[in-house]
Amino acid sequence: MVGRPDSNSDATIIGVKDISRRELGAPMSESMLETDRPPVALRIGHERVSTASGGVYQHVNPCNGRPDATVPMAGELEVDRAVDSAHRAFLDWRRVKSAERRRVLLRLADLVEAHAEDFAQLGAMDNGTPTSIGHYMVGLSVEWTRYYAGWADKISGDVTAALRTEGEFSYTLAQPYGVIGAIITWNGPLISLAMKVPPALAAGNTVVVKPSELTPFTAGLFADLAQEAGIPPGVVNIVTGGADAGAALVRHPLVTKISFTGGPDTARRIMHTCADEIKPVVMELGGKSGNIIFEDADLDAACSAGTISSVGIMSGQGCAFPTRMIVARPIYGEVVDRVAAIANSIKVGDPFAPDTLAGPVVNEQAVQRITGMVGQAQRDGARLITGGRRLGGELAEGYYFAPTVFADVDPKAELAQKEVFGPVLSIIPFDDEQEAVEIANGTPYGLSGYIYTNDLRRAHRVAEDLETGEVLINGAVNLGVTRPFGGIGVSGMGKEGGREGLYEFVRIKTVSMT
Ligand code: NAD
């Protein structure tokens, strides 16, 4: 069972399990009872903090627009306490044997897996992610945690060659930074935690995580399970809050590195602050990824992966989604027809229903932003193929937006240049390979690049030319932990995943003896 510092937490965990049993397959009106939301508290050291100096945020159920939970918002005071707690915990955690760090992280992975249903439910409450997608995210998060558990006892320095001084002996130490400030956004709270916390802890750091106030439910259970796994209090702290809490974490002198997931404007602000102390950062930002479909591609695979991942799962609210489909002229008409048919078949609705593929978008502001961009795309001459509107009927009170497809999008227009972060796909024709690559590279972003072709030479040639952090050939979005993930340009810097993701949390010291 979950480690519970106080009696409230029993109610939290049991409440989640209860609704999961009651609600699956229930009609919309019964499946979104506001009273079923677990209470929200910060986690600082061994304490749960239910009132905080940043005031409160009224969380709104994205399925019906009604307030459903009161969120205590961390202010500077709580951030300061959390960093202090993480700093004190670091002095011991860095000396914990690596085999023990591995053991407790493996235990955490087992516990996350055992609470898969809870996390799927909490994700749906947080931001309307369908539980079907939530379960997939739990599986990924378990893999990330196990993988980095396995690294805990394999982090080592090197003996370096002595070039000039006879008898010199030099070696490197791979050491933790100390307290990591982890700032995450709202679109995938559990996977964001799993991408940052296990590698940071494996390397001997402690963390203060600032989740978004829009998604307050998931992080508390993760932190409770970390303690139940045997990770000491203070090693993982949670200070849910808004921009002020994030800014306080960034400027705190005891925070030695920032790992950030969010948008480029916030990243710029964070980097300005970090410039004062030359504080290092990892930046996982947005994307406007091109998906080049050549005429020899497997169109079943290309159209279904390209459509479902850009306007279906997570309702387009993912950084690496292939939101610009760049299609060879000879197959253009056929691709547009196929994409329209797939988009129209996506089931949008109650995230708690097991067959829902797309839930609501996160809030009213998101609906307004998406609606505005759809209107601008029409004024810019793009051809609306399907969708383009907020959904009505029994979904009218929620933040539901129809899967939307535009064809004939001008590669320089707003829709092809700016991240929508909603279920809107642009289709753009091309005449030759060079033009396809130019269109794909023609934005300030550089997160993911997708290529569909059966011509091996062309696939690798184009992969080399795409200015992105990763390229997927004949494949869909891939958050597999063994692959370093992270963009270039306005998509950010640094990696999560693989050995590279681990070494973001390690600094190398050289020791020389002559
Ligand atoms: P955002 O930048 O507004 O917010 C992200 C986080 O930063 C939130 O927790 C927010 O409270 C915090 N924050 C805001 N102002 C801050 C400040 N001045 N100092 C410190 N922290 C501050 O981003 P968003 O709109 O919530 O998220 C959407 C963006 O995230 C999209 O661009 C999306 O592509 C990106 N994203 C990237 C990845 C990735 O791995 N590359 C993954 C998911 C989302």
Side-chain angles (χ1 to χ4, degrees), residues 54 57 71 73-76 79 126-127 129 137 140 144 181-196 208-216 218-219 238-252 255 258-275 279 281-289 310 313-323 361-363 365-366 369-370 417-422 443-448 468-470 477-479 481 483-497 501 504:
Y57 171 76
V71 180
M73 295 277 276
E76 183 142 17
V79 169
D126 267 328
N127 60 9
T129 299
M137 291 296 185
L140 277 178
W144 278 73
I183 299 174
I184 60 177
T185 182
W186 48 264
N187 71 330
L190 180 61
I191 186 67
S192 290
L193 285 160
M195 291 169 93
K196 295 188 192 304
V208 176
V209 186
K210 197 216 72 72
S212 167
E213 73 275 32
L214 299 179
T215 47
T218 292
I238 306 290
V239 287
T240 305
D244 290 350
L249 186 58
V250 171
R251 67 174 174 263
H252 200 294
V255 173
I258 298 296
S259 178
F260 172 74
T261 299
D265 289 342
T266 310
R268 288 186 189 97
R269 270 179 229 121
I270 291 174
M271 288 176 77
H272 274 294
T273 306
C274 288
K279 194 177 285 189
V281 293
V282 175
M283 292 288 170
E284 297 295 347
L285 313 178
K288 193 77 206 179
S289 301
S310 54
I313 51 169
M314 296 171 72
S315 302
Q317 302 169 116
C319 52
F321 289 163
T323 51
V361 297
V362 70
N363 57 17
Q365 210 184 341
R369 186 189 65 248
I370 298 163
Q417 289 290 318
K418 209 171 144 191
E419 189 178 38
V420 181
F421 228 56
T443 79
Y445 293 102
L447 191 51
S448 309
T468 54
E470 66 167 359
V477 179
N478 186 341
L479 279 182
V481 61
R483 314 161 61 254
F485 173 76
I488 60 174
V490 171
S491 294
M493 62 180 76
K495 295 291 181 187
E496 293 183 330
E504 295 287 359

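In listed order, ligands and their atoms are each counted from 1.
In terms of N/O distances under 3.5 Å, ligand 1 is not approached by E213. Taking any N or O of L447, backbone or side chain, none lies under 3.5 Å from an N or O belonging to ligand 1. Of the N or O atoms in L285, one or more lie within a sub-3.5 Å distance of an N or O in ligand 1. An N or O contact shorter than 3.5 Å is missing between V250 and ligand 1 by distance. Not one N or O of T261 is nearer than 3.5 Å to an N or O of ligand 1, by distance alone.
Scored by the side chain to side chain contact (heavy atoms under 4.5 Å, CB included) test, T261 finds T185, K196, E284, E496 as partners (sequence neighbours excluded). Annotation: side chain to side chain contact (heavy atoms under 4.5 Å, CB included) contacts of A366 (sequence neighbours excluded): V361, V362, N363, R369.
Among all non-hydrogen protein atoms, the one lying nearest atom 40 (O) of ligand 1 is E284 CB, 3.4 Å. When hydrogens are left out, the protein atom nearest atom 10 (C) of ligand 1 is K210 NZ, 3.9 Å; that is the closest non-hydrogen contact. Nearest protein neighbour of atom 4 (O) of ligand 1, counting heavy atoms only, is T266 OG1, 4.3 Å. Ranking the protein heavy atoms by distance from atom 18 (N) of ligand 1 puts R269 CD, 4.1 Å first. Looking from atom 19 (N) of ligand 1 to the surrounding protein, the closest heavy atom is A247 N, 3.4 Å. Summary of contacts: the protein heavy atom closest to atom 44 (C) of ligand 1 is T185 CG2, 3.5 Å.
One option in S448, G262, G486 has a heavy atom closer to atom 35 (C) of ligand 1 than any other, and that option is G262. For atom 25 (O) of ligand 1, the candidate residues are F421, W186, F260; the nearest heavy-atom contact is made by W186.
Contacts between E496 and ligand 1 below 4.0 angstrom, taking non-hydrogen atoms only, are absent altogether. Looking at I270 against ligand 1, only its side chain comes within 4.0 Å, counting heavy atoms. Only the side chain of N187 comes within contact range of ligand 1, with a heavy atom under 4.0 Å; no backbone atom does.
When K279, R251, R269 are each tested for a side-chain contact (heavy atoms from CB on, under 4.5 Å) with C274, only one passes: K279.
By the 4.5 Å heavy-atom criterion applied to side chains, K495 and E504 are counted as neighbours.
Distances below 4.0 Å separate heavy atoms of F485 from the following atoms of ligand 1: 40 (O). Ligand-side atoms of ligand 1 in range of C319: 34 (O), 36 (N), 37 (C), 38 (C), 39 (C), 40 (O), 41 (N), 42 (C), 43 (C), range being under 4.0 angstrom from any heavy atom. Near I184, the atoms of ligand 1 lying under 4.0 angstrom from a non-hydrogen atom of the residue are 6 (C), 8 (C), 9 (O). Contact atoms of ligand 1 toward G246: 19 (N), 20 (C), 21 (N) (distance under 4.0 Å to a heavy atom of the residue). Interface of E419 with ligand 1, defined as ligand atoms under 4.0 Å from a residue heavy atom, comprises 31 (C), 32 (O), 33 (C), 34 (O). Of all atoms in ligand 1, listed by their number and element, those nearer than 4.0 Å to a heavy atom of I183 are 6 (C), 7 (O), 9 (O), 12 (C), 20 (C), 21 (N). Ligand 1 places these atoms under 4.0 Å from at least one heavy atom of G263: 1 (P), 2 (O), 23 (O), 29 (C), 30 (O), 32 (O).
Scanning all heavy atoms of the two residues, the minimum distance from D126 to T215 falls at OD1-C, 3.0 Å. Considering every non-hydrogen atom in both A245 and A74, the closest pair reads CB-O, 3.5 Å. Here the closest heavy-atom approach between residue A194 and residue W144 is recorded as O-CB, 3.7 Å.
Between the side chains of E470 and S448, at least one donor N or O lies within less than 3.5 Å of an accepting N or O.
Rounding to the nearest 0.5 angstrom, the gap separating the CZ atom in F321 from the CD atom in E419 is 10.5 Å. Here the straight-line distance linking atom OG1 of T218 with atom CG of L193 works out to 7.5 Å at 0.5 Å rounding. Here the CZ atom belonging to F421 is positioned 6.5 Å from the SG atom belonging to C319, to the nearest 0.5 angstrom. From T468, atom OG1 reaches atom NZ of K288 across 16.0 Å, with rounding to the nearest 0.5 Å. The distance from atom CE of M137 to atom CD1 of I313, rounded to the nearest 0.5 Å, is 6.5 Å.
More than 12 non-hydrogen atoms from other residues, nucleotides or ligands lie less than 6.0 angstrom from CD of Q417.
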